[in-house]
Protein chains: 2
Amino acid sequence: MAQAPIDKAARLIDVAERANVSRATAARVLGGYGLVTEVTRQRVMAAANELNYRVNELARSMRSGRTLTIGVVVADIANSFFNSAIRAIIETASRAGYQILVLNTDDDIERERNAVRVLIEKRVDGLIVVPSSPDEIDHLLVESEPEVPVVLLDRDVNSSKIDFVTTDDFEAAHTAILQFASVGHNRIGLLVATANVETHSSTMPAQVVTTVRNRVCGAEMALTECGLEIRSEWIRYSQSNMDIAREAAINILSQETRPTAILATNEEMALAVVSAAGDLGLTIGVDLSIIGFDDVPWARVFNPPLSVIRRPVAQLGAMAVEFLLKKIEDPTVRRSQKLPAELVARRSVGPPP
Amino acid sequence: MAQAPIDKAARLIDVAERANVSRATAARVLGGYGLVTEVTRQRVMAAANELNYRVNELARSMRSGRTLTIGVVVADIANSFFNSAIRAIIETASRAGYQILVLNTDDDIERERNAVRVLIEKRVDGLIVVPSSPDEIDHLLVESEPEVPVVLLDRDVNSSKIDFVTTDDFEAAHTAILQFASVGHNRIGLLVATANVETHSSTMPAQVVTTVRNRVCGAEMALTECGLEIRSEWIRYSQSNMDIAREAAINILSQETRPTAILATNEEMALAVVSAAGDLGLTIGVDLSIIGFDDVPWARVFNPPLSVIRRPVAQLGAMAVEFLLKKIEDPTVRRSQKLPAELVARRSVGPPP
DNA sequence: CTGAAAGCGCTTACAG
DNA sequence: CTGAAAGCGCTTACAG
């Protein structure tokens, strides 16, 4: 029999009174801790059901000091890499009884600071952050801000004080370039997704995120090892926006001597290169070889199927949560991990024309 | 000068004592309400800064009865439509000072019930839900569960008691079929993404979500209007999984008389049809015409570019938040909206072979 | 303009 | 096994 909806939500004390026990006893039954006889347990449960009792987690958190909530601060939740990671975060956390509060920064350091502050005020038990800068990290260091554990996701910072879960981006880019070189390419370009650049440029912006820096370093190292040229006209740093990136790609491909292969460092960059190639009448895998980052669903359906670097995205997200939960239990625990990526060879890489 | 990190987080009373005022006065300054002289205001602010004071939102919420948090219950956060919607939700909410707690259901009604319960226990101020069933909605009705306002996103339910923000899916599918018919197609297939089906089938499962039902009805209405056959062999309901959907698509396309055009009702279905066409050696836009749902980034880069139904996804998300905020202020407010979608004609539709 | 007191709804020792 | 009391950190009337 449903209560009239006008009634206020039942509180612990209402349940206790109806069951003729004290609040402490009712709390023990409902919270599932401490000792109670089976009879009183039943009585309390019955009362709770009749009143449609819902515990007030706010009050519980206030007393217990834990909110069972994790804050996630991410650059762009609509980006395919991050949203797959967040899916894994939500699943892993929920299995441990934690919920997720997600904030978006668009890689703006002010929004990131603000997000961290808000989450601390909401008393999250821990924080997973995709840092937008490798240097501006005061808000993440326990000395000045978080009394809560933090694990970095996808990107590292210039401090050994914060734990992280990242991919080996250096190695990934290195592998991709070697793949190009192994089939004979010697003019290789790079289209690099970068946050803090207005449109696109051929020089690396300052304060670039570690992911970007490591990929570029890995690529350049491989080029050097193969004795290949590193031509700045073949490198563009672009905002992660398809229209701007396509401009950048057309730019690269319109040089007198243009690269015969391009490494594109995320979904948008890969799409931009494909699109630019189309505009210029270049056939992918024949006139132009491409390797992209992240094994997005369309990659294997494209014609030709796109070779990509596959990052272990679900694992990255799950691991970030696991590390964080460990730190929540014991704040002195330190644990970081750099996971390997894998080259998925498909048909967008062929010998140079 | 930073405090030693061993110190406990400062509380309101610490600030008040350091500023030589009462807690009430400190609260007035920090909370930005009530009256205080400029001098005391400054004194309190200074004390708060020196102690690096962060308000405890838990305590504030408990007293004020508002958490400034909205719960979002969604089928799959990694799906491109939902994650774009969530991005808009996060942005719109954060502009109003609200944060978002996201839970994932994978269209499982038990997980949905559980999600709603958890969010109510966490005392969210409102709920945005993508319902996984049009009928099992007790947990969403104020009579039995939420004392919190609810707005449905993307899908409606069989009850006029819950507000919603949806797309006009009937009209969208209707338009797509007319487009096929207008260039001469008379054998038209449907690949329909559906949650509660194990693999794929040619009959509509029971309790299908309104989005699915409306699209199928719209398509069938258009077929009827054009005097075209509705052949059940040309219709498959499939789980939203590329491998299963591709099987279904191959199934449709392997009939003796196969359709010359297919409407695919989400990103995965579209990809599946493209992939199946590739396997069967059919050229898209020539041997087989395709219209997909949702203008995902790869659609216009494909060769040929894919014609799609574009839903106003950012607007859907933003509007859901706006409606919800209105209901939070005044629970008696009722407001729902069905937004139009738009056909983006590209080159995946040509005359039948 | 400022303060003393009560209270939001729980859980946590402490007694018995 | 159960209960009375204190307290988590705020805000809200109510006085003055």
Side-chain angles (χ1 to χ4, degrees), chain A residues 7-45 47-48 51-69 97 118 120-125 147-148, chain B residues 7-45 47-48 51-69 97 118 120-125 147-148:
Chain A
D7 295 3
K8 304 226 112 190
R11 298 155 304 165
L12 180 63
I13 194 169
D14 301 317
V15 175
E17 280 171 1
R18 179 174 261 255
N20 268 310
V21 295
S22 69
R23 285 175 341 190
T25 301
R28 278 188 273 262
V29 173
L30 268 6
Y33 56 90
L35 298 172
V36 268
T37 50
E38 185 55 20
V39 218
T40 46
R41 207 186 70 76
Q42 303 251 349
R43 249 202 352 264
V44 172
M45 289 308 266
L51 296 173
N52 195 24
Y53 173 72
R54 296 280 97 109
V55 67
N56 184 330
E57 282 289 354
L58 243 34
R60 178 178 275 178
S61 294
M62 189 133 144
R63 192 67 242 259
S64 67
R66 317 176 59 208
T67 53
L68 294 176
T69 305
V118 167
I120 288 175
E121 290 180 350
K122 291 216 165 168
R123 286 335 192 229
V124 295
D125 292 335
E147 57 274 30
V148 303
Chain B
D7 296 3
K8 304 226 111 185
R11 297 156 304 165
L12 181 62
I13 195 170
D14 301 317
V15 175
E17 280 171 3
R18 178 174 261 254
N20 269 310
V21 294
S22 68
R23 284 174 342 186
T25 300
R28 277 188 273 262
V29 173
L30 267 8
Y33 56 90
L35 297 172
V36 269
T37 49
E38 185 55 20
V39 218
T40 46
R41 208 186 69 76
Q42 303 251 348
R43 247 198 359 261
V44 172
M45 289 307 267
L51 297 174
N52 195 24
Y53 173 72
R54 295 280 99 109
V55 67
N56 185 329
E57 283 289 352
L58 243 35
R60 178 179 276 180
S61 293
M62 189 134 143
R63 191 67 243 260
S64 67
R66 317 175 60 207
T67 53
L68 294 175
T69 304
V118 167
I120 287 175
E121 290 180 350
K122 292 216 165 171
R123 288 329 195 235
V124 295
D125 293 334
E147 57 274 30
V148 302

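Note that the structure is predicted; figures quoted are calculated from it, not measured. Lettering of chains follows the sequences in order, A, B, ..., and the numbering in each one begins at 1.
Glu38(B) has its CD atom 11 Å from the P atom of dT2(C), to the nearest Å. Per the geometry, CZ belonging to Arg66(A) stands 19 Å off C1' belonging to dG9(D), to the nearest Å. Remark: P of dC1(C) and CG of Asn20(B) are 20 Å apart, rounded to the nearest angstrom. The distance between atom CE of Met62(A) and atom C1' of dC8(D), rounded to the nearest whole Å, is 5 Å. dC10(C) atom P lies 12 Å from atom CD of Glu17(A), rounded to whole Å. For the pair Arg28(B) CZ and dG3(C) P, the computed distance is 8 Å after rounding to whole Å. Put simply, CZ on Arg23(B) is 10 Å from P on dA5(C), counting in whole angstrom units. We find that CG of Leu30(A) is positioned 12 Å from C1' of dG9(C), with the value rounded to whole Å.
Scanning both residues, Arg60(A) and Leu30(A), for their nearest heavy atoms gives NH2-O, 4.2 Å.
Interatomic distance, Glu38(A) CD to Arg43(A) CZ, rounded to the nearest 0.5 Å: 12.0 Å. Rounding to the nearest 0.5 Å places CG of Leu51(B) at 11.0 Å from CG of Leu12(B).
When the nearest nucleotides of DNA chain C are assigned to Thr37(B) and Asn56(A) by heavy-atom distance, the more 5′-ward of the two goes with Thr37(B). Heavy-atom distances to DNA chain D give each of Ala24(B) and Ala59(B) a nearest nucleotide, and the one nearer the 5′ end belongs to Ala59(B). For the pair Arg41(B) and Arg11(A), nearest-nucleotide mapping onto DNA chain C gives the more 5' position to Arg41(B).
In this structure, dA4(D) makes no Watson-Crick or G-U wobble pair, since no nucleotide meets both defining distances under 3.5 angstrom. Base pairing analysis places dA13(D) opposite nothing; no Watson-Crick or G-U wobble pair with both distances below 3.5 Å involves it.
A sub-4.0 Å separation between OP1 or OP2 of dG9(C) and a side-chain N or O of Tyr53(A) is absent. Residue Arg63(A) has no polar side-chain atom (N or O) positioned under 4.0 Å from OP1 or OP2 of dT12(C). Contact check, Ser64(B) against dT11(D): no side-chain N or O comes under 4.0 Å of OP1 or OP2. Here Ser22(B) reaches the OP1 or OP2 of dG3(C): one of its side-chain N or O atoms lies under 4.0 Å away.
Here Thr40(B) lies in heavy-atom contact (under 4.0 Å) with sugar-phosphate atoms only.
For the pair Glu121(A) and Leu58(B), the minimum side-chain heavy-atom distance is 4.5 Å or more. Proximity of Lys122(B) to Leu68(A): side-chain heavy atoms (C-beta onward) are separated by under 4.5 Å at one or more points.
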